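Model, not experiment: these values are computed from the prediction.
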Amino acid sequence: FLTQRLLPMLEAAGTPEAPARVINIGSVDGIRTPAFDSYSYGPSKAAVHFLTRQLAAKLVRRNILVNAIAPGPFPTWMLSTGVGTGGDVEGTDWEALGRGVPLGRVGTPEDVAGLALFLASRAGAFTVGDTITCDGGVVVS
């Protein structure tokens, strides 16, 4: 709905050399089978990823790029509830959780911010309709 509402402004701002951007946030659980039995979460994130591709196909000719980020484990309230600490972000042992990630740690704000900056910058001006994981190797392993 937000993209619909902002469409006139996105169209006015975008050019072939400097397209407007939409960056959706999905999840690795929309790409792989989730570790937790959350039957609505994974399919809803898969829908975000597919919506990203569908919007990208339609909006690219209007100089609007649509891509998505699929984060893996980050130290958030939501993940802390899933690992049993009931939303206690500071009290969760993120180092222990990170040992289960191929890179050996959970994500940081800088990890996902860097990816968002890439997609929003000139560096990402030829990237269209992709869902990029930011997960320390969770999906590929």
Side-chain angles (χ1 to χ4, degrees), residues 1-90 92-141:
F1 292 122
L2 181 60
T3 302
Q4 277 182 312
R5 293 287 202 172
L6 296 177
L7 195 54
M9 289 177 271
L10 290 165
E11 284 182 304
T15 68
E17 295 77 28
R21 308 297 208 287
V22 173
I23 303 171
N24 292 322
I25 306 298
S27 171
V28 294
D29 286 349
I31 298 171
R32 65 176 185 132
T33 302
F36 303 109
D37 288 334
S38 53
Y39 294 99
S40 60
Y41 184 76
S44 70
K45 296 306 179 179
V48 168
H49 302 162
F50 193 80
L51 177 64
T52 297
R53 291 180 66 91
Q54 194 166 10
L55 286 173
K58 297 294 181 190
L59 297 179
V60 66
R61 296 195 188 285
R62 294 156 86 171
N63 300 313
I64 302 167
L65 306 184
V66 184
N67 290 289
I69 297 172
F74 278 78
T76 62
W77 177 87
M78 186 180 82
L79 184 54
S80 70
T81 63
V83 297
T85 55
D88 182 7
V89 177
E90 280 75 37
T92 301
D93 187 352
W94 297 110
E95 286 185 28
L97 188 65
R99 287 192 286 276
V101 175
L103 192 56
R105 64 175 177 85
V106 296
T108 66
E110 293 81 9
D111 293 324
V112 75
L115 181 50
L117 287 171
F118 162 74
L119 289 172
S121 74
R122 175 63 182 100
F126 207 62
T127 303
V128 182
D130 282 326
T131 297
I132 304 174
T133 61
C134 186
D135 67 354
V138 170
V139 170
V140 298
S141 66

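In R105, the CZ atom is crowded: over 12 heavy atoms of neighbouring residues, nucleotides or ligands sit closer than 6.0 Å.
The closest side-chain heavy-atom distance from T76 to L79 is below 4.5 Å. Taking 4.5 Å as the limit, some side-chain heavy atom of I25 sits within range of a side-chain heavy atom of P71. Put simply, the side chain of D111 reaches to within 4.5 Å of the side chain of F74, judged on heavy atoms. Between R5 and L7 there is no side-chain heavy-atom pair separated by less than 4.5 Å. Proximity of F126 to L65: side-chain heavy atoms (C-beta onward) are nowhere separated by under 4.5 Å. Proximity of I69 to L119: side-chain heavy atoms (C-beta onward) are separated by under 4.5 Å at one or more points.
S38 places no side-chain N or O within 3.5 Å of a backbone atom of S40 that could act as its donor or acceptor partner. The backbone N or O of N24 lies less than 3.5 Å from no partner atom in the side chain of H49, so there is not a single donor-acceptor pair.
The shortest heavy-atom contact between P75 and V106 is CD-CG2, 3.9 Å. When all heavy atoms of A70 and I31 are compared, the pair lying nearest together is CB-CD1, 3.9 Å. Taking every heavy atom of both residues into account, S80 and T92 meet most closely at CB-OG1, 3.3 Å.
Remark: R62 pairs with E11 by the salt bridge (charged side-chain N to carboxylate O under 4.0 Å, His left out) rule, at least two apart or across chains. With sequence neighbours excluded, no residue forms a salt bridge (charged side-chain N to carboxylate O under 4.0 Å, His left out) with R21.
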Distance-only donor-acceptor pairs under 3.5 Å for side chains of residues 130-141, two or more places apart:
{"residue": "D135", "atom": "OD1", "partner": "G137", "partner atom": "N", "Å": "3.0"}
{"residue": "D135", "atom": "OD2", "partner": "V138", "partner atom": "N", "Å": "3.4"}
{"residue": "D135", "atom": "OD2", "partner": "V139", "partner atom": "N", "Å": "2.8"}
{"residue": "S141", "atom": "OG", "partner": "G137", "partner atom": "O", "Å": "3.0"}
{"residue": "S141", "atom": "OG", "partner": "V138", "partner atom": "O", "Å": "3.2"}

